[in-house]
There are 2 protein chains.
Amino acid sequence: MVETSVDCVIFGFQHETLKVLLIKRKNDPSKGLMALPGDFLDEKTSIYGSAENTLKKITDLDNIFLEQIQAFGRVDRYPGKRVITISYYALINIENYSPTAGYTAEKLEWCDVDKLPELAFDHQRIIESAHKKLKRRVRYEPIGFNLLPEEFSLTNLQQVYEAILQIELNKRNFRTKLNQMKLLIDTGKKQKNVAHKPAILYKFDEKMYQQLKEEGFYFKL
Amino acid sequence: MVETSVDCVIFGFQHETLKVLLIKRKNDPSKGLMALPGDFLDEKTSIYGSAENTLKKITDLDNIFLEQIQAFGRVDRYPGKRVITISYYALINIENYSPTAGYTAEKLEWCDVDKLPELAFDHQRIIESAHKKLKRRVRYEPIGFNLLPEEFSLTNLQQVYEAILQIELNKRNFRTKLNQMKLLIDTGKKQKNVAHKPAILYKFDEKMYQQLKEEGFYFKL
DNA sequence: TCAAAAGTGTTCGATCTACACCCATGG
DNA sequence: CCATGGGTGTAGATCGAACACTTTTGA
């Protein structure tokens, strides 16, 4: 019999770098190694629901951006028995996150996406796939916002994109493009206590996004 | 216990339209309905391998472009028991295809991708996902070639892209772009017995593609 | 008054689009 | 010699990269 699990690649953004939330496994197999949070799939839960539950259990967050990556199913990916896994990636605002309950016994760690420790099973590959998918998705859907607090500056946003894509972007052009899209609302607020001209804080215009989406618009960075 | 199956969306190109290969189910559940070819996953086969086997059994073809779409796992997607499915899509040259053995008992049919009959389970949704994924993939990897015979004209190729993307493309610009990419080899041959200027036949330059890929090139239609 | 980062104007070249035109073949 | 689809040249618009510049704040 083939068993099925669900694993989550949880991305966060901190100190201008893209992070992944990993756990230290407290049980065999691969006890002690770092790994993606996940669970076995049970008969009464959809796979998407199962990913939501995993996310909730570990971060205590609801209503998070969550998208399937793909299924991984090589015969030898898991020791001892046949387990295929269906992987999801999530984008969260690291400020809202609070490590909780079910996972307190384990060590939780935000790791740099390009400085990963040794990982259990094929989780390294899964994270690579997740990052690759994110890189693509981010170019034609405005999902980068999910990694930021509700209010953010344009520089914050640019840094998110630079961290995800691992390239430098031109400030002038980045701002011009974002302006054209009309997806940002000026909150009227500004940064405080910064030793330079304070940046305007924006928020993402969810309604405009839905509207543009229906018109067949697509976000192009 | 959750069971796992693999389903294949097999795309072909004929009469200037994009087609999907469907079977008529000979057993319950959904006996008599049209559906995607697929199989249950067994313990000793990778999911990719299982998709390859399905493809081989139904088309007798090897070494085909085959890519995972995603897993579908709503609780009620399959009647009577819990079955999740992992879906793949394939691109084949319809001329090479020969319906064979394992499936002779069933009716096989190439259906227009936008005139689908009533389908079993959630296979309608799976095909829609496949088409959506194909639309995206085709814009940054030169996979359209897989739907054509070894030698083809530029008009053939343009029609493939128009059928996949369901839009009209400008002849002049399409050709200019393809020229820039240097992915085509002039075979020196021409069409015969056509009542107009015969078109030059090209083939896809596999080596050049690999080389460009390593250099980080990306095909942009 | 200085450093630091926010924010803007503008030029230049590449790319995309649209249209017009010529070419080779069978009937 | 005509209809048909193959194949090309080019002007104008649009887009993106790059650079230099002004602005506002805290120290």
Side-chain angles (χ1 to χ4, degrees), chain A residues 13 15-17 138-140 142 144 148-149 151-163 165-203 212 216-221, chain B residues 13 15-17 138-140 142 144 148-149 151-163 165 167-203 212 215-221:
Chain A
F13 177 72
H15 305 130
E16 303 180 23
T17 46
V138 98
R139 281 194 178 270
Y140 45 84
L148 288 173
E151 302 184 347
F152 52 85
S153 73
L154 288 175
T155 302
N156 292 156
L157 189 58
Q158 183 173 341
Q159 283 166 348
V160 164
Y161 280 95
E162 288 179 335
L165 297 170
Q166 302 179 303
I167 53 173
E168 290 199 353
L169 297 170
N170 178 283
K171 184 172 67 161
R172 186 71 190 90
N173 301 335
F174 183 79
R175 283 159 188 251
T176 309
K177 278 181 205 167
L178 263 123
N179 253 322
Q180 286 164 353
M181 290 174 211
K182 301 178 196 295
L183 282 172
L184 297 182
I185 299 171
D186 186 336
T187 63
K189 298 183 199 166
K190 293 187 177 189
Q191 284 179 332
K192 281 183 182 148
N193 302 316
V194 287
H196 55 77
K197 177 169 173 178
I200 295 170
L201 297 176
Y202 293 89
K203 55 182 185 179
L212 290 170
F217 144 95
Y218 93 125
F219 178 91
K220 201 178 152 218
L221 191 68
Chain B
F13 176 72
H15 305 130
E16 301 179 27
T17 47
V138 98
R139 282 194 178 270
Y140 46 86
L148 289 173
E151 302 184 346
F152 52 84
S153 73
L154 288 174
T155 303
N156 292 155
L157 189 59
Q158 182 173 340
Q159 283 166 348
V160 164
Y161 280 94
E162 289 180 336
L165 297 170
I167 53 174
E168 289 199 354
L169 298 170
N170 178 285
K171 184 173 65 160
R172 186 70 188 91
N173 302 336
F174 182 80
R175 283 159 189 250
T176 307
K177 277 182 204 164
L178 264 124
N179 253 321
Q180 284 165 352
M181 290 173 211
K182 301 179 196 296
L183 282 171
L184 297 182
I185 300 170
D186 186 335
T187 63
K189 299 184 200 166
K190 294 188 177 191
Q191 286 179 330
K192 283 185 181 149
N193 300 315
V194 287
H196 56 77
K197 179 171 172 177
I200 294 170
L201 297 175
Y202 293 89
K203 54 182 186 182
L212 291 170
E215 294 168 13
F217 145 96
Y218 94 124
F219 178 92
K220 199 177 153 219
L221 193 66

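Just so it is clear: chains get the letters A, B, ... in the order the sequence lines come, proteins before strands, and each one is counted from 1. The basis for the numbers below is simple: all heavy atoms, side chains too, and nothing from hydrogens, waters or symmetry mates.
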In whole angstrom, what separates [X]'s [atom1] from [N]'s [atom2]?
{"X": "B/Lys177", "N": "C/dA14", "atom1": "NZ", "atom2": "C1'", "value": "14 Å"}
{"X": "B/Glu16", "N": "D/dG5", "atom1": "CD", "atom2": "C1'", "value": "12 Å"}
{"X": "A/Gln180", "N": "D/dA17", "atom1": "CD", "atom2": "C1'", "value": "14 Å"}
{"X": "B/Leu178", "N": "D/dT8", "atom1": "CG", "atom2": "P", "value": "13 Å"}
{"X": "B/Leu154", "N": "C/dA24", "atom1": "CG", "atom2": "C1'", "value": "16 Å"}
{"X": "B/Leu169", "N": "C/dA18", "atom1": "CG", "atom2": "C1'", "value": "14 Å"}
{"X": "A/Asn170", "N": "D/dA20", "atom1": "CG", "atom2": "P", "value": "12 Å"}
{"X": "B/Leu157", "N": "D/dG5", "atom1": "CG", "atom2": "P", "value": "19 Å"}

Nearest-0.5 Å distance, CZ of residue A/Phe219 to CD of residue A/Gln180: 11.5 Å
Pairwise distance CD(B/Glu151) to NZ(B/Lys203) - rounded to 0.5 angstrom: 7.0 Å
Set out, line by line, the N/O atom pairs under 3.5 Å between protein and nucleotides 25-27 of chain C.
| unit_1 | atom_1 | unit_2 | atom_2 | d |
| --- | --- | --- | --- | --- |
| C/dT25 | O2 | B/Ala195 | O | 3.4 |
| C/dT25 | O2 | B/His196 | N | 3.3 |

N/O to N/O distances under 3.5 Å, protein versus nucleotides 8-10 of chain C:
| unit_1 | atom_1 | unit_2 | atom_2 | d |
| --- | --- | --- | --- | --- |
| C/dG9 | N7 | A/Arg172 | NE | 2.8 |
| C/dG9 | N7 | A/Arg172 | NH2 | 3.3 |
| C/dG9 | O6 | A/Arg172 | NE | 2.9 |

With distance as the sole test, does [X] use its side chain to make a donor-acceptor pair with the main-chain N or O of [Y] at under 3.5 Å?
{"X": "B/Ser153", "Y": "B/Ile200", "result": "no"}
{"X": "A/Glu162", "Y": "A/Glu168", "result": "no"}
{"X": "B/Gln158", "Y": "B/Leu169", "result": "yes"}
{"X": "A/Gln191", "Y": "A/Ala199", "result": "yes"}
{"X": "A/Asn179", "Y": "A/Thr176", "result": "no"}

With sequence neighbours excluded, residues passing ring pair (Phe, Tyr, Trp, His ring centres under 6.0 Å) with A/Phe152: A/Phe145
Touch class at under 4.0 angstrom, heavy-atom based, for A/Thr155 against every strand present: sugar-phosphate
Closest contact, heavy atoms only, B/Tyr202 versus B/Leu184: CD2-CB, 3.9 Å
